[in-house]
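Letters A, B, ... are given to chains in the order of the sequence lines, protein chains preceding strands, and every chain is numbered from 1. Side chains included, hydrogens not; waters and symmetry mates left out as well; all remaining heavy atoms used.
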There are 2 protein chains.
Amino acid sequence: MQDTKERIITLAEELIKTKGFNAFSYKDISDPLEIKNAAIHYYFPTKTDLGVAVLEQYLKSFTFHTAKWAELPEDKQLKQLFDTFSRASKDKFICLMGSLSPDYDTLQPAMQEQVSNMASAIVQWVASCLERGRSKGLFRFEGEAYDRALLVQSNLLASLLLSRVMGNKVFGKMSSRLMKDLLVDNTKK
Amino acid sequence: MQDTKERIITLAEELIKTKGFNAFSYKDISDPLEIKNAAIHYYFPTKTDLGVAVLEQYLKSFTFHTAKWAELPEDKQLKQLFDTFSRASKDKFICLMGSLSPDYDTLQPAMQEQVSNMASAIVQWVASCLERGRSKGLFRFEGEAYDRALLVQSNLLASLLLSRVMGNKVFGKMSSRLMKDLLVDNTKK
DNA sequence: TTTTTTACTTACTTACAAGTAAGTAACTTT
DNA sequence: AAAGTTACTTACTTGTAAGTAAGTAAAAAA
């Protein structure tokens, strides 16, 4: 049963996105899965091993999904990314970057590296999406695509954080304003 | 000696901005201040009491500083805010919002309320700064000032998070792009 | 000058976290 | 059929966290 291992990873990811990496404990996993904490250690000797596994799975899934979107026009691709954040917002989740980056200094090197990899992968993807979209006339923005990608990634990440604190309406306000800023207006009469 | 109490609050604030609220312990305070952990409990019966005190002090300080800037033109006022984040970035600090909002669901109601108050205060201040600045022709942006303030606050907050993970150059890239976006270009020949 | 208050320390308690060593039942391979 | 191997459990250790009860020395108030 590789099933248990996967369920541990999936639940750990949810816990990171709700409580944070340092705030969840093995009991938060062993109780709902009806296993003992030692079973988690069997698959993941240390909490860092578990964290790394969560990040590896996320990166695989990110790569898989963005590849699936590759045929879409760039504005639709970016919309897909926004939609994943919109779903997270509804589930009261924050994203892995929003959860793990504040704890970065408390993480062990192996996890820090994975967090950095994740950050780079997301920003790189957004940057090339924006760049191609701009050259096709779908997006409008000033400056380098990479710098713009940093700001977009920031806004998505923080929209989930602020929504938690200030209420869920904030997500809609932020994401719609952000998208309007980027899109070349094609609704002109 | 009210001095000890203030030193506890100041150190607690730093710890929140480096390790996070749940990740720091009373030992992180009692050791450097050369007191016993019971001395902290003397002033702050629970960790929540300490957290609330940190946030109250921050809010007072924020109100004080923004009041001091009130006579400046709005672009300079916003610049002051950016500068506080720039200093934080150099000290490898994140801001209180960036640290506490991911942990929001693990905080007790008394602290949640203070975090919400802080969020509102900052966004409100940025919003009215942007609004007045735009009407004076200092800023240019689309949409409501409040929505724009959410995005600006997001970008500042997340610039510190991303800088931690991706290196310190990121802060400069983000803040300069953000400021250029907002400023009406007055460097035209 | 006695009493009270302030600002702590000493010495605990309770709880829970991550992690481990040794065992076991069931399945797989030889 | 015997010998691993897999997927766990049982039962524990060690460390550390927040928090507390009782005491104390010095300063302030009566």
Check: Rounded to whole angstrom units, what separation is found between the CD1 atom of A/Ile29 and the C1' atom of C/dG19?
Finding: 14 Å

Notebook entry, point to check: Is the distance from OP1 or OP2 of C/dA7 to the nearest side-chain N or O of B/Thr4 less than 4.0 Å?
Noted result: no

Notebook entry, point to check: Going by heavy atoms closer than 4.0 Å, what residues in residues 8-15 of chain B are next to DNA chain C?
Noted result: none

Let me check something: any side-chain donor-acceptor pairs from residues 84-94 of chain B under 3.5 Å, sequence neighbours excluded? List them with distances.
from    : atom 1 : to       : atom 2 : distance (Å)
B/Thr84 : OG1    : B/Leu81  : O      : 2.7
B/Ser89 : OG     : B/Asn168 : OD1    : 2.9

Donor-acceptor list for residues 19-31 of chain A side chains, cut-off 3.5 Å, not counting sequence neighbours:
from    : atom 1 : to       : atom 2 : distance (Å)
A/Lys19 : NZ     : A/Asp28  : OD2    : 3.4
A/Asn22 : ND2    : A/Thr106 : OG1    : 2.9
A/Ser25 : OG     : A/Lys27  : N      : 3.2
A/Tyr26 : OH     : A/Lys47  : N      : 3.0
A/Lys27 : NZ     : A/Asp31  : OD2    : 3.0
A/Asp28 : OD2    : A/Ser25  : N      : 2.8
A/Ser30 : OG     : A/Tyr26  : O      : 3.1

Check: Does anything in residues 32-41 of chain B reach DNA chain D, meaning a heavy atom under 4.0 Å, and if so which residues?
Finding: B/Asn37, B/Ala38, B/His41

Note to self: Going by the rule side chain to side chain contact (heavy atoms under 4.5 Å, CB included), which residues pair with A/Pro32 if we only count those two or more places apart in sequence or in a different chain?
What the structure shows: A/Leu11

Checklist line | Strand contacts (DNA chain D) in residues 44-55 of chain A, 4.0 angstrom heavy-atom criterion | finding: none

Notebook entry, point to check: Can you name the residues that form a side chain to side chain contact (heavy atoms under 4.5 Å, CB included) with A/Gln108, not counting sequence neighbours?
Noted result: A/Thr48

Checklist line | Separation of D/dG19 P from B/Tyr43 OH (nearest whole Å) | finding: 18 Å

Next item on the list: Look at all strands and tell whether B/Tyr26 reaches a base, only sugar-phosphate, or nothing, counting heavy atoms closer than 4.0 Å.
Entry: sugar-phosphate

Checklist line | Which residues share a side chain to side chain contact (heavy atoms under 4.5 Å, CB included) with A/Gln153, sequence neighbours left out | finding: A/Met97, A/Ile122, A/Val123, A/Leu157, B/Leu162

Checklist line | Pairs flagged by ring-ring contact (aromatic ring centres under 6.0 Å, His included) wherever residues 137-176 of chain B is involved - sequence neighbours left out | finding: none

Item checked: Under the side chain to side chain contact (heavy atoms under 4.5 Å, CB included) test, residues paired with B/Glu144 that sit two or more places apart -> B/Asp147

Check: Does the pair A/Asp3/A/Arg7 count as a salt bridge with the N-to-O cut at 4.0 Å?
Finding: yes

Note to self: Between A/Tyr42 and C/dG19, is there a contact of a side-chain N or O with OP1 or OP2 at under 4.0 Å?
What the structure shows: no

Notebook entry, point to check: Is there any side chain to side chain donor-acceptor pair (under 3.5 Å) pair reaching into residues 115-128 of chain B, and which pairs are they, with sequence neighbours excluded?
Noted result: B/Tyr104-B/Ser116

Next item on the list: Whole angstrom is fine here: how far is it from CG in B/Asp28 over to P in D/dT16?
Entry: 11 Å

Checklist line | Between P of D/dA7 and CG of A/Asp3, the distance in whole Å | finding: 11 Å

Item checked: For B/Asp181, salt bridge (charged side-chain N to carboxylate O under 4.0 Å, His left out) partners two or more places apart -> A/Arg148, B/Arg177

Check: Do the side chain of A/Gln112 and the main chain of A/Leu107 share a donor and acceptor less than 3.5 angstrom apart?
Finding: yes

Margin query: Quick check on C/dA17: is either OP1 or OP2 less than 4.0 Å from any side-chain nitrogen or oxygen of A/Ser25?
Written below: yes

